[in-house]
Amino acid sequence: MLKRSFIGEIVSEKESLKGSRVTVCGWVHRIRDLGRVKFLVLRDRTGFIQATLKAGVTPEEALQAAEDLRLESVVCVSGLLSEAPTKEGVEIKVESLKVLSSPVEPLPLEPEGSEKAALPVRLKYRWLDIRNPKVSSVFEFEAFVARVFREYYTREGFVEIFTPKIVAAGTESGAEVFPVLYFDKTVYLAQSPQFYKQFAVIAGLERVFEIGPVFRAEPHHTARHLNEYHSLDIEVGFIEGYDDVMNYVEGFFRELAKRMEEDEVARKAMEAHGAEPPRIPASGIPRVTMREAYEILRERFHKVIPEGEDLDGEAEKMIAAYAHEEYDSDFIFVTEYPWKVRPFYTMRKSGEPEWTYSFDLLYRGLEVVTGGQREHRYNKLLENLKSKGLDPRSFQFYLDFFKHGAPPHGGAGMGLERIVMQSLGLSNIREARMLPRDTERVMP
RNA sequence: GCCGCGGUAGUAUAGCCUGGCUAGUAUGCGGGCCUGUCAAGCCCGUGACCCGGGUUCAAAUCCCGGCCGCGGCGCCA
C-alpha cells in the first residue's frame with residue numbers, strides 16, 4: 001500500500017499534526033492557478049484539503065509536475081501541514097508531488113455538482129458521478145443500513161444464511177422471473193429467498209436472516225422499481241402470531257432510527273441530502289388493518305377502495321399522511337391484507353379466510369416491507385394452492401419441507417434500496433444503486 | 001404491457017408557444033495574464049439544434065414517422 005494518510009484524519013487531528021510532514025493521495029478536485037502560486041484542492045473518500053505550490057519556494061520538480069495537472073488527475077502530495085485561511089484551517093505546503101495518472105480526454109461529467117446532471121448521464125459515467133461526495137455518501141449510508149440490519153438480527157439470535165440465487169421455479173404465482181441457461185436446462189434467477197428462508201427455519205435454524213440480490217423480470221417504468229435489488233429478509237419460527245414478526249421489523253427500524261442520530265457516516269449522508277432520521281412514536285409504529293384503512297380513506301380522504309382490493313399508490317400516500325398527522329409517525333403498518341392479493345404461502349385468518357395474517361410497512365408513503373405469518377400446516381398449504389388455482393405438483397419440492405415437522409413461523413422482506421431512498425429523500429431508486437439494472441440498462 | 005411527456009456544444013441551460021439564427025449563457029477543454037485563491041478573476045479560442053420526410057421564400061421553432069430517454073398506471077420491495 002502507498003504510505004498516505006486519509007485527508008479526513010489529518011484534518012481532524014490538525015492541531016497535533018501542524019508543522020509535521022504529511023502525505024495524501026487522491027484526486028485533483030479544483031485547480032486555482034494564480035501564476036506564481038497555485039492552489040490544488042485534493043479529494044479522497046474522507047474529505048478535501050488544499051495543497052499549495054509557490055514559485056521560488058516549492059521544489060522545481062514538483063512545480064514541473066503540477067504543470068500537467070488536470071481536474072481528476074490522481075496524485076500523491078507530501079509537505080508540511082500548515083495553518084492557512086482555508087475551510088479546513090490548514091493546507092499542505094508541497095515538497096513533492098507525484099502524478100499517478102491523468103485523464104486522457106476531457107471529462108464527460110464533472111464530479112463536482114454531478115447530481116445536477118440528468119440521471120442517464122450520471123449512470124453512464126457513474127465512476128465520475130460517485131466521486132461527488134454527496135453521491136458516494138448514499139453508498140456509505142447503504143452499507144450502514146445493511147450493517148445495522150446484520151447487527152440487530154444477529155443480536156436477536158438470528159443466523160445469517162446464504163440461499164441459492166439459481167432456482168428451478170419462481171416463488172410466487174404470476175411473478176416474472178429471468179430464465180437462465182443452466183447446462184442443458186432452463187432455470188431461473190431467484191426473485192425472492194422466500195422458500196429457502198422458510199426451509200432454513202424448518203431445518204432447525206429457527207431464526208434466520210439474509211442480505212442478498214433478488215431479480216424481477218417485470219417491465220416496469222417507474223422511479224421506485226429495479227430489476228435487480230437487495231432484499232433484507234428475515235424468517236422466524238415459533239411465533240404466536242404475525243404481531244411477533246411486526247415486532248421484529250419494528251425493532252429493526254427503531255434501531256435504525258436511533259443509530260441514524262448517532263452514526264457519523266449516517267449523519268454525513270443525511271446532512272448532504274438534507275434528510276432527518278425517521279420519526280417513530282414512543283407508543284410504537286401505528287398498525288391498522290386493511291379494513292380500517294378502507295374506512296380511513298373513505299372518511300378522511302373521500303377515496304373509495306372496494307372491499308378486498310389492494311391499496312394503490314395514492315391510497316398508500318394518504319395512509320402515510322394519516323400516520324403522520326395522527327401519530328407523528330413516518331411509518332405505518334397495514335395489516336390483514338385480502339387473501340386475493342397475497343401469495344399462496346400466506347396464512348389465512350382463522351374464521352375469516354378472505355383475510356390474511358400479513359402486513360406491509362409504509363415508510364414515508366412508500367411500501368418498504370412485506371411480511372406475514374406463513375402457512376406451516378401441510379394440508380392447509382395444499383388447500384391454499386388449490387384456492388389460487390396452482391398445481392401442487394409444481395411446488396412439490398417446497399411442500400416436502402412441511403412433511404416432517406414445521407413450527408409456526410413468519411417473516412418479512414425489506415427493500416434495501418427503498419429504505420435508503422426514503423431515508424435520504426432520493427427521488428429515484430436508481431440513485432440508491434451503484435449500477436442499477438432496469439428494463440433497458442445492463443451497462444456499465 | 002398501456003398511457004403521457006421530452007430530446008439544443010462534453011455537462012447544464014436560453015431560444016420553440018407567436019417560423020426570420022451569424023443559435024445566446026454558464027461550466028469544462030486549449031492558449032494567455034496574474035504570489036493567497038477557495039465555485040478565484042480577467043482576455044482569446046473551441047464546441048450543439050436526435051434521425052428521416054413534409055409544409056414554407058425561410059424550420060431549432062409547425063406537422064408526420066422512426067429512434068432514444070423519462071415516469072404515471074399496473075405489479076411489486
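Every chain is numbered from 1, with letters handed out A, B, ... down the list of sequences.
- Counting only N and O atoms by type, the side chains of Thr289(A) and Trp355(A) include no donor and acceptor under 3.5 Å apart.
- The side chain of Arg342(A) contributes no N or O atom lying less than 4.0 Å from OP1 or OP2 of C75(B).
- Separation of the C1' atoms belonging to C21(B) and A9(B) is 16 Å when rounded to the nearest angstrom.
- What separates CZ of Phe39(A) from P of G41(B) is a distance of 14 Å, to the nearest Å.
- One interatomic measurement links the two molecules: NE2 of His225(A) to P of G72(B), which rounds to 10 Å at whole-angstrom precision.
- Atom C1' of C51(B) sits at a distance of 24 Å from the matching atom of A12(B), rounded to the whole Å.
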Using atom names, set out every protein N or O paired with an N or O of nucleotides 23-25 of chain B below 3.5 Å, distance rounded to 0.1 Å.
none

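- Under 4.0 angstrom from either OP1 or OP2 of C75(B) there lies no side-chain N or O belonging to Arg224(A).
- Taking the ring centre of Trp339(A) as origin, the terminal cationic atom of Lys388(A) falls inside the region bounded by 6.0 Å and 45° from the ring axis.
- Val369(A) comes within 4.0 angstrom of sugar-phosphate atoms only, judged by non-hydrogen atoms across all strands, and of no base.
- Arg216(A) and Tyr229(A) are linked by a side-chain donor-acceptor pair at a separation below 3.5 angstrom, with hydrogens and angles left out of the test.
- With hydrogens and angles ignored, a donor-acceptor pair under 3.5 angstrom links the side chain of Glu91(A) to the base of G36(B).
- Checked for salt-bridge contact, Glu250(A) and Arg287(A) meet the test: a charged N lies under 4.0 Å from a carboxylate O.
- We find that CD of Glu112(A) is positioned 12 Å from P of C29(B), with the value rounded to whole Å.
- Here Tyr229(A) packs flat against the base of A77(B); its ring centre is closer than 5.5 angstrom to the base's six-membered ring, tilted by less than 30 degrees.
- G6(B): Watson-Crick or G-U partner is C68(B), with both key distances under 3.5 Å.
- Residue Arg441(A) is in sugar-phosphate contact alone, with no base atom involved, counting any heavy-atom pair closer than 4.0 Å across all strands shown.
- Among the nucleotides C38(B), C76(B), C70(B), the one closest to the side chain of Asn428(A) is C70(B).
- Among the protein residues, Ile429(A) comes within range of the nucleic acid bases, having at least one heavy atom under 4.0 Å from a base atom.
- Checking C75(B), C38(B), U35(B) against every side-chain atom of His220(A), the shortest atom distance belongs to C75(B).
- Between the side chains of Gln50(A) and Thr86(A), no donor N or O sits under 3.5 Å from an acceptor N or O.
- Comment: Lys197(A) does not engage Glu210(A) in a salt bridge, judged by the lack of any side-chain N to carboxylate O separation of less than 4.0 angstrom.
- The base of C33(B) lies outside donor-acceptor range of the side chain of Arg36(A), with no N or O pair under 3.5 Å.
- Judged as a side-chain contact (heavy atoms from CB on, under 4.5 Å), and not counting sequence neighbours, the contacts of Lys38(A) are Asp33(A), Leu53(A), Ala66(A), Glu67(A).
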